Amino acid sequence: MSRESPIAPVLNRWFAENARDLPWRDPDYGAWGILVSEFMLQQTPVVRVIPAITAWLDRWPTPADLARVPPAEAVRAWDRLGYPRRALWLHQAAVEIVERHGGVVPSDVDDLLALQGVGDYTARAVSAFAYGHRHPVVDTNTRRVIARAVAGQAEPAPPAKRDLADMDELLPTDDAEARVFNAAIMELGAVVCTARAPRCDDCPLRESCAWRAAGYPAYDGPRKAVQKKFEGSDRQVRGLIMRELRAAHGPVTITEITSLWADDAQRERALCGLIADGLAVGDRESGFTLPS
DNA sequence: CACCCGTGGAA
DNA sequence: TTTCCAAGGGT
């Protein structure tokens, strides 16, 4: 037997009055725009995505528009949103949408999951937000809100398959309400129930929050893996090379690349990695470019 | 499952 | 200055 979500009514009401006016929440934004927004929002903050997605959709209003240009154009337009593989994957996803779905972003979760760069989160987000289908949409925000408001813990456990079922239990049975709830719980995690300094006094769930009821106990679970330092990392070197490739009109010579980073082994590792990822193409004789 | 992958802003 | 973290996904 199932029962209605205890927190959906109050959360959905709060969302109706407090939702940020984000571009992709326009009812006419379209599935392609929403798919692009989800790619860009993978680890890139909202404030940096807003100007980028506007320019992107202005240039490539449909998957077919993106699919017919070289991947280099996508990587260049991605600019400094970070994780440039996402630009490559988004371009590839557009190609697959044209090849397999007649240029229309699919609505089925399994079809979406089959697209390059689309995982559990993005597939369900697109199906739910673009097409109104009832799926649990689980991201870092929803996991944190559920950990606190429902489980009474300061931080969620490491991501697990179980998260989908946990979210599904809270999801209203009605499709439209479920879609709003997915957005609302994510929004709450983004602006109120934040990772640092949550604004519990302003939280619509404060009366029922299990973490508050327990007296805000500190997190005592397994230590989260700490992100490795960026300064001096391979990622920094890759970033420097990518910046050069994006800015260049012609091939970038190996001499120019060598000048970017002194450590030979690390520089070589970064360049080989970019080539393996398909972000760089070429050789030492003719130089390197973005993939065409 | 642990680790890797960019970039920038805020505490 | 350093650390944290941001609508994840692939291997």
Side-chain angles (χ1 to χ4, degrees), chain A residues 15 19-20 22-25 29 33-53 75 78-90 92-93 112-130 135-145 155-161 163-164 167 179 182-191 193-198 219 222-246 266 269-270 272-280:
Chain A
F15 184 73
R20 290 169 295 175
L22 303 176
W24 43 92
R25 286 180 178 162
Y29 209 64
I34 290 178
L35 178 65
V36 174
S37 79
E38 298 301 350
F39 264 87
M40 290 186 169
L41 287 164
Q42 291 169 7
Q43 300 287 281
T44 299
V46 165
V47 289
R48 293 176 55 204
V49 167
I50 289 174
I53 192 169
V75 174
W78 195 260
D79 197 36
R80 290 181 302 183
L81 286 178
Y83 293 142
R85 290 189 297 187
R86 289 183 294 158
L88 218 48
W89 293 342
L90 177 54
Q92 178 59 29
L112 286 159
L113 282 171
L115 299 174
Q116 181 63 52
V118 174
D120 283 331
Y121 164 75
T122 302
R124 288 174 178 78
V126 170
S127 187
F129 298 142
H135 297 290
V137 179
V138 172
D139 77 331
T140 184
N141 290 307
T142 70
R143 292 194 307 107
R144 184 173 55 251
V145 171
E155 294 177 35
K161 275 298 180 189
D163 298 336
L164 273 179
M167 180 64 182
R179 181 176 53 75
N182 276 316
I185 192 168
M186 228 185 289
E187 182 81 348
L188 189 76
V191 304
C193 194
T194 52
R196 315 181 272 204
Y219 180 67
R223 190 84 179 139
K224 276 190 302 186
V226 273
Q227 193 174 41
K228 251 169 70 175
K229 195 163 97 174
F230 180 71
E231 200 65 29
S233 67
D234 286 7
R235 291 154 84 167
Q236 182 184 20
V237 184
R238 286 171 56 110
L240 289 172
I241 297 174
M242 285 305 299
R243 178 189 293 249
E244 205 69 16
L245 293 177
R246 283 193 307 262
Q266 191 176 26
R269 198 163 56 239
C272 287
L274 291 173
I275 292 169
D277 288 343
L279 284 166

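Letters A, B, ... are given to chains in the order of the sequence lines, protein chains preceding strands, and every chain is numbered from 1. The shown structure was predicted, so the numbers you read here are calculated from the model rather than taken from an experiment.
Atom NZ of A:Lys229 is separated from atom P of B:dT7 by 18 Å (rounded to the nearest Å). The separation between A:Arg124 atom CZ and C:dG9 atom P is 10 Å, rounded to whole Å. In this structure, A:Tyr83 atom OH and C:dC5 atom P are separated by 14 Å, rounded to whole Å. The distance from atom CZ of A:Arg48 to atom C1' of B:dT7 is 5 Å, rounded to the nearest whole Å. We find that CD of A:Gln116 is positioned 11 Å from C1' of C:dT11, with the value rounded to whole Å. Atom CZ in A:Phe39 sits roughly 13 Å away from atom C1' in C:dA7 (whole-Å rounding). Regarding A:Gln227, its CD atom lies at a distance of 15 Å from the C1' atom of B:dA2, rounded to whole Å. Going from atom CG of A:Leu81 over to atom P of C:dC5 covers 22 Å, rounded to whole Å.
For the side-chain contact (heavy atoms from CB on, under 4.5 Å) criterion with A:Met186, the lone passing option out of A:Thr140, A:Asn141, A:Val138 is A:Asn141.
Counting non-hydrogen atoms under 4.0 angstrom, A:Arg143 reaches nothing in the nucleic acid. Counting non-hydrogen atoms under 4.0 angstrom, A:Pro84 reaches the backbone sugars and phosphates but no base. Counting any heavy atom pair closer than 4.0 Å across all strands shown, A:Ala125 reaches no nucleic acid atom. Counting non-hydrogen atoms under 4.0 angstrom, A:Trp78 reaches nothing in the nucleic acid. Within the 4.0 angstrom heavy-atom criterion, only backbone atoms of the sugar-phosphate kind lie near A:Asp120; the bases stay farther away. Using a 4.0 Å heavy-atom distance criterion, A:Gln236 is classed as making no nucleic acid contact. At a threshold of 4.0 angstrom between heavy atoms, the contacts of A:Gly119 are confined to the sugar-phosphate backbone, with no base atom among them. At a threshold of 4.0 angstrom between heavy atoms, the contacts of A:Thr140 are confined to the sugar-phosphate backbone, with no base atom among them. If you check every strand for non-hydrogen atoms under 4.0 Å, A:Ile34 touches nothing. A:Val118 comes within 4.0 angstrom of sugar-phosphate atoms only, judged by non-hydrogen atoms across all strands, and of no base.
The side chain of A:Lys228 places no N or O atom within less than 4.0 Å of a non-bridging phosphate oxygen (OP1 or OP2) of B:dC3. For the OP1/OP2 pair of B:dG8 and a distance below 4.0 Å, the side-chain nitrogens and oxygens of A:Arg80 include at least one atom meeting the criterion. Taking only side-chain nitrogens and oxygens, A:Thr122 comes nearer than 4.0 Å to OP1 or OP2 of C:dG9. A:Arg85 has no side-chain polar atom (N or O) that falls below the 4.0 Å cut-off from OP1 or OP2 of B:dT7.
A:Ser37 places no side-chain N or O within 3.5 Å of a backbone atom of A:Trp24 that could act as its donor or acceptor partner. Within the 3.5 Å criterion, the main-chain N or O of A:Asp163 finds no donor-acceptor partner in the side chain of A:Arg143.
Listed candidates were B:dT7, C:dG9, C:dA6. Nearest to the side chain of A:Gln43 is C:dA6. Closest approach to the A:Asp139 side chain among B:dC5, B:dT7, C:dG8 is made by C:dG8 (side chain taken as heavy atoms from C-beta onward). Proximity note for A:Arg196 (side chain, C-beta onward) versus C:dA7, B:dG9, B:dC4: the nearest is B:dG9. Listed nucleotides: B:dG6, B:dC5, C:dA6. Nearest to the side chain of A:Asp234: B:dC5. Nearest to the side chain of A:Arg86, among C:dG10, C:dA7, B:dG6, sits B:dG6. Here the nucleotide nearest the side chain of A:Arg20, chosen from B:dT7, C:dA6, C:dA7, is C:dA7.
Annotation: side chain of A:Val137 is not in contact with side chain of A:Thr142 (no heavy-atom distance under 4.5 Å).
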* So A:Gln42 and A:Tyr121, side chain to side chain donor-acceptor pair (under 3.5 Å) or not? Walk me through it. -> CA-CA 9 Å; A:Gln42 291 169 7; A:Tyr121 164 75; over 6 Å; no
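Comparing B:dC5 with C:dA7, their P atoms sit 22 Å apart, to the nearest whole Å. Nucleotides B:dG6 and C:dT11 are separated by 14 Å at their P atoms, to the nearest Å.
Comparing A:Val46 and A:Trp89 along DNA chain C, the residue whose closest nucleotide (by nearest heavy atom) sits nearer the 5' end is A:Val46. Each of A:Pro159 and A:Gln42 has a nearest nucleotide on DNA chain B; the 5'-most of these lies closest to A:Pro159.
Summarising the geometry, atom CD1 belonging to A:Ile275 is positioned 9.0 Å from atom CD1 belonging to A:Ile241; distances are rounded to the nearest 0.5 Å.
A salt bridge links A:Asp120 with A:Lys161; the closest basic N to acidic carboxylate O contact falls under 4.0 Å.
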